[in-house]
Amino acid sequence: MENTKIKIPVPELFNKDECLWFLSRDFDDCMYRVYKDRVRRAFGEAGSIMVVDVYMMPDELVLEWLNMKPCDQDIENVIRFVSEWFDLETDLTQFYSIILEDKRIAHIAKEYSGLRFIGIPDLFEALAWGIIGQQINLSFAYKLKRRLVEKYGTFTLYEDEKYYVFPAAEVLSEVKTDDLRALQFSEKKAEYLITIAKAFSAGTLSRELLQNLPDLESRIKYLTNIRGIGLWTANYALMKSLKEPSGIPHGDAGLLNALINHGIIEAKNDKASIEEFFKPFTGWEAYLVFYLWRTLARPKE
DNA sequence: TCCCAGGGCATCA
DNA sequence: TGATGCCATGGG
């Protein structure tokens, strides 16, 4: 029996190599595996986990279901997920023209042309990842995430490899802080993570709930009222998951370093210069941050 | 050893 | 509102 394959068109400014490179950059992400021209990961939830290859072609993506034959709903769900994951709906033309107006960063429009904003479509995962990543170096953060996913996530086996889906909020809401301390989470980080798991599980926090709020400011306010979610985490999750275009993770260590590297600020507390720098990028702030993060990575080989 | 890392919170003025 | 100290642990 032939595997199911579905083609998805990509936008005009789409650079498959940049996107694949970002996925496989310096870190070991446990949610997918990257190969030369494709990325393989699990979709769905416990009980019906699909393993799908996403082939990155210059002018289209090809989805191939490896372990099962999907129904129409499965196909629709994966297409939507992939579209959000690689931000396939945004026209980047205006973004690049604004970048070119600022000589300090003009190079990023050319060097990374066609790099899409790589998202985290699942809001719970985005918030959990934000909390995990607070104030620790990224390689350690990825280790913590792997321990969490391998202990509490669900997997399916394909060709002797495990493909995990992120732990459900219902599962993590039952976990105790000592369980996470054993994975080397700090006491507070464990407490924050369990708190948001309980909020999702109880329905007091959800994607729909945030989307029904009128604007970015009210979404940030809603999120930062939750213990463990500050300004940085709220903005990070909103930009990575809800594709909030104007999200800026204020105070982000990497962002500040990128701004220093580009001569935009000299001191990390120079809020006025940062605000001035972002001014022309209304509606593109999140993309700009994402591209500035890109400048921090080691050069491509 | 020291400083930093994709922060957040409590405390204090 | 803003500054300061603390938490917690790996990496350079």
Side-chain angles (χ1 to χ4, degrees), chain A residues 21-31 108 112 115 117-120 123 125-148 176-199 205 217 219-244 246-262 264-275 277-278 285-298:
Chain A
W21 181 86
F22 180 86
L23 292 174
S24 64
R25 64 203 208 286
D26 310 340
F27 307 107
D28 173 38
D29 197 311
C30 60
M31 300 307 293
I108 67 178
Y112 313 135
L115 169 63
F117 186 106
I118 309 293
I120 303 174
L123 178 64
E125 180 183 339
L127 279 166
W129 175 230
I131 287 168
I132 291 170
Q134 288 170 2
Q135 188 55 24
I136 56 176
N137 66 72
L138 273 179
S139 52
F140 182 47
Y142 277 100
K143 281 183 190 171
L144 290 181
K145 177 166 120 179
R146 179 174 285 280
R147 289 173 193 160
L148 184 78
K176 304 301 173 198
T177 55
D178 282 352
D179 300 326
L180 297 181
R181 285 288 294 136
L183 305 183
Q184 282 184 290
F185 281 64
S186 68
E187 185 72 27
K188 283 187 175 177
K189 214 165 263 197
E191 177 194 317
Y192 298 162
L193 185 53
I194 294 166
T195 298
I196 64 157
K198 284 181 174 164
L205 179 54
E217 191 184 347
R219 292 182 186 118
I220 288 176
K221 189 160 189 180
Y222 192 90
L223 285 172
T224 53
N225 274 332
I226 299 166
R227 193 173 164 75
I229 302 178
L231 200 53
W232 180 88
T233 308
N235 274 285
Y236 180 84
L238 289 171
M239 60 194 270
K240 290 291 264 188
S241 192
L242 299 196
K243 293 305 173 65
E244 171 53 60
S246 293
I248 302 175
H250 296 281
D252 180 84
L255 172 61
L256 293 172
N257 284 331
L259 293 175
I260 289 172
N261 294 343
H262 286 82
I264 291 151
I265 56 171
E266 287 183 10
K268 294 189 174 182
N269 60 2
D270 186 356
K271 291 182 181 174
S273 296
I274 296 173
E275 192 182 338
F277 169 68
F278 273 101
E285 292 92 336
Y287 244 101
L288 180 56
V289 170
F290 185 73
Y291 270 53
L292 287 170
W293 279 337
R294 172 67 183 81
T295 68
L296 297 169
R298 63 178 165 73

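Letters A, B, ... are given to chains in the order of the sequence lines, protein chains preceding strands, and every chain is numbered from 1. Small disclaimer: the values here were computed from a predicted structure and weren't measured.
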For [X], enumerate each residue passing the side chain to side chain donor-acceptor pair (under 3.5 Å) test, keeping only those at least two apart in sequence or located in another chain.
{"X": "A/Glu125", "value": "none"}
{"X": "A/Lys145", "value": "A/Asp29"}
{"X": "A/Thr224", "value": "none"}

NA contact type, [X], heavy-atom cut-off 4.0 Å: base, sugar-phosphate, or nothing?
{"X": "A/Lys268", "result": "sugar-phosphate"}
{"X": "A/Lys143", "result": "sugar-phosphate"}
{"X": "A/Asn257", "result": "sugar-phosphate"}

Inset, instruction - Using atom CG of A/Asn261 as one end and atom P of B/dC4 as the other, report the distance to the nearest whole Å. - result: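 Between P of B/dC4 and CG of A/Asn261: 15 Å.
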
Legend entry - Length of the CG-P vector between A/Leu255 and B/dA5, whole Å: 12 Å

Inset, instruction - Starting at the 5' end of nucleotides 8-13 of chain B, put B wherever the base has a protein heavy atom under 4.0 Å, S where only the sugar-phosphate does, and a dash everywhere else. - result: BSS---

Inset, instruction - Identify, with sequence neighbours excluded, every residue that meets ring-ring contact (aromatic ring centres under 6.0 Å, His included) alongside A/His250. - result: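 For A/His250, no residue satisfies ring-ring contact (aromatic ring centres under 6.0 Å, His included) once neighbours in sequence are set aside.
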
Legend entry - Outermost nucleotides of DNA chain C that come under 4.0 Å of a non-hydrogen atom of chain A: C/dA8 to C/dG11

Inset, instruction - Would you kindly compare A/Lys271 and A/Ser139 by the position of their nearest DNA chain C nucleotide and give the one closer to the 5′ end? - result: A/Lys271

